[in-house]
S.K.: 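Before I ask anything, let me first share the structure, which is written out below as structure tokens.
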Amino acid sequence: MAPIPRLRDYRGPALFSYGFRPFFLFGSLYAGLAILAWLPVFYGELELSTAFAPRDWHIHEMLYGYLPAVITGFLLTAVPNWTGQMPLQGRPLLVLVLAWAMGRVAVTISAWIGWEAAAVIDNAFLVLVAAVMGREIIRGKNWRNLKVLIALGVLTVGNIVFHVEAHLLGAADYGIRLGIAATMMLIMLVGGRIIPSFTRNWLVRENPGRLPASFGRFDVVSMVAAGAALVMWTAAPEWSVTGAALIAAGVLQAARLARWAGERTWRDRLVLILHVAYAFVPLGFVLVGVAALGLLPASAGIHAWTGGAMGIMTLAVMSRAGLGHTGRALEATTAMQGIYLLLVAAALARVCAAIHPAWSDTLLLVAGGAWAGAFVGFALAYWTVFTRPRVTA
């Protein structure tokens, strides 16, 4: 039998030839520009016409705006490889991008159009993505990957809860923790597969010696412990037992990371940055656990997860996938390495701002400026990668 062609005969703009292209490009631009808007909002110099409180708008647009764009770009690229189906291209892909963009606009002007309309428009995107993913997985009879629909379902429920909480109570809490917990589980699941795999491939080729440990019982135990701790944190974030569970999960995740031989990947920055990103997973668990015991502000650990694990991991995956899926060499340029350093600095500055209130104003400006510089810089550096046709040998 002839092999399934990887792409249909597509003659439109290269930007809409594959799902990762528009979602990685526009998602990264939005991540940077939204923070540039958030800083004057935080300091009372700009007012948005949103029904959300300023803090909730910021959290929502990172957690349920930026992250779903990157997750969608990843899934639209991965699912065709899992199922053997053709990737989404052209007009259907444009519809998804417009649905995502309409959600961002609706949330930002929700004070004008009403919170109910904003909630419907915003959640329509996640529902559409779940429908597309479910159709492709079922057509390809790739039943074991139906679990991605669970992750999308949890994000959708979390987003709905967020909107309802913000309207009824004036602030979202469960919706925030539910979205963070779901995303952290995704990072631990996907990261636990790709980080050891990419590390092993590079070490076998370039630096023979100790290799990452294979997925085994220890990984299962660490994931179960992390999942249980996140469930407890979502339900009861200030319970001392929750704090102990989070700290224990953090220690297990740190041990898991240490088994992946990341210290041996210094010469390949595309691999190294994945390990750096994952290091914020156990750091977040420990800091949130300590906060549950009343010893630190909760925002320190939350930003280790969101600014560190989520922000750096998504940028690391986008930069690697963008090169690999467009036929370019898997090498981090000097500019890209500078972008990685900016984002690590942003994450560390934001965590320290929560721990050291006396320095918070300065550190917040550093964190916001470095974050915006990293994501806008990435979008500019990868503009031709995402908007021009695949490089052919």
Side-chain angles (χ1 to χ4, degrees), residues 63 67 176-177 179-199 210 212-234 237 239-266 271-317 340 343-355 367:
L63 191 57
L67 279 172
I176 292 171
R177 294 197 295 274
I180 291 173
T183 307
M184 290 311 301
M185 286 302 298
L186 268 177
I187 287 175
M188 288 184 287
L189 284 168
V190 175
R193 295 294 184 180
I194 66 172
I195 298 174
S197 175
F198 293 156
T199 302
R210 184 172 75 89
S214 299
F215 188 90
R217 187 173 299 175
F218 182 84
D219 297 88
V220 174
V221 170
S222 68
M223 288 296 297
V224 170
L230 287 170
V231 169
M232 294 169 66
W233 176 69
T234 301
W239 190 24
S240 59
V241 177
T242 299
L246 288 164
I247 293 170
V251 171
L252 288 173
Q253 287 300 316
R256 188 185 189 210
L257 175 61
R259 287 158 47 88
W260 295 340
E263 76 283 356
R264 304 190 65 239
T265 65
W266 179 257
V271 176
L272 178 65
I273 192 62
L274 293 168
H275 291 266
V276 173
Y278 202 92
F280 282 89
V281 173
L283 177 62
F285 270 104
V286 172
L287 290 177
V288 174
V290 172
L293 301 177
L295 302 176
L296 275 179
S299 62
I302 289 172
H303 282 96
W305 276 340
T306 54
M310 297 180 194
I312 302 171
M313 185 65 76
T314 52
L315 191 70
V317 169
Y340 290 156
L343 196 52
V344 172
L348 292 174
R350 188 60 187 88
V351 171
C352 291
I355 296 174

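Keep in mind it's a predicted model, so treat the numbers as computed, not measured. Starting from 1, each residue takes its place in the sequence as its number.
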S.K.: Measure across Ala304 and Leu287 and return the closest heavy-atom pair with its distance rounded to 0.1 Å.
M.R.: CB-CD1, 4.3 Å
S.K.: Which atoms form the tightest heavy-atom contact between Trp260 and Pro212, and what is the distance?
M.R.: O-CG, 3.5 Å
S.K.: Given side chains that start at C-beta, do those of Ile247 and Leu293 come closer than 4.5 Å, heavy atoms only?
M.R.: yes
S.K.: Quick check: do Ile194 and Val317 have side-chain heavy atoms less than 4.5 Å from each other?
M.R.: yes
S.K.: Decide yes or no for Leu272 and Tyr340: does some side-chain heavy atom of the first lie under 4.5 Å from some side-chain heavy atom of the second?
M.R.: no
S.K.: So Val251 and Phe285, do their side chains get closer than 4.5 Å, heavy atoms only?
M.R.: no
S.K.: Return the set of residues passing side-chain hydrogen bond (donor to acceptor under 3.5 Å, both in side chains) with Thr183 (not counting sequence neighbours), or none when no residue passes.
M.R.: none
S.K.: Given side chains that start at C-beta, do those of Tyr278 and Gln253 come closer than 4.5 Å, heavy atoms only?
M.R.: yes
S.K.: Test of understanding: with side-chain hydrogen bond (donor to acceptor under 3.5 Å, both in side chains), list the residues that count as partners of Arg210, not counting sequence neighbours.
M.R.: Glu263
S.K.: State, with a plain yes or no, whether a side-chain heavy atom of Met188 is found less than 4.5 Å away from one of Leu230.
M.R.: yes
S.K.: For Arg264, enumerate each residue passing the side-chain hydrogen bond (donor to acceptor under 3.5 Å, both in side chains) test, keeping only those at least two apart in sequence or located in another chain.
M.R.: Asn207
S.K.: Counting C-beta onward and ignoring hydrogens, is there a side-chain heavy-atom pair between His275 and Thr199 closer than 4.5 Å?
M.R.: yes
S.K.: State which residues pass side chain to side chain contact (heavy atoms under 4.5 Å, CB included) with Val286; sequence neighbours excluded, sorted by chain then number.
M.R.: Val290
S.K.: Please identify each residue that fulfils salt bridge (Lys or Arg N to Asp or Glu O under 4.0 Å) with Arg256, with sequence neighbours left out.
M.R.: Asp219
S.K.: Holding to side-chain hydrogen bond (donor to acceptor under 3.5 Å, both in side chains), I want the full list of residues that pass it with Thr265, two or more places apart in sequence or in another chain.
M.R.: none
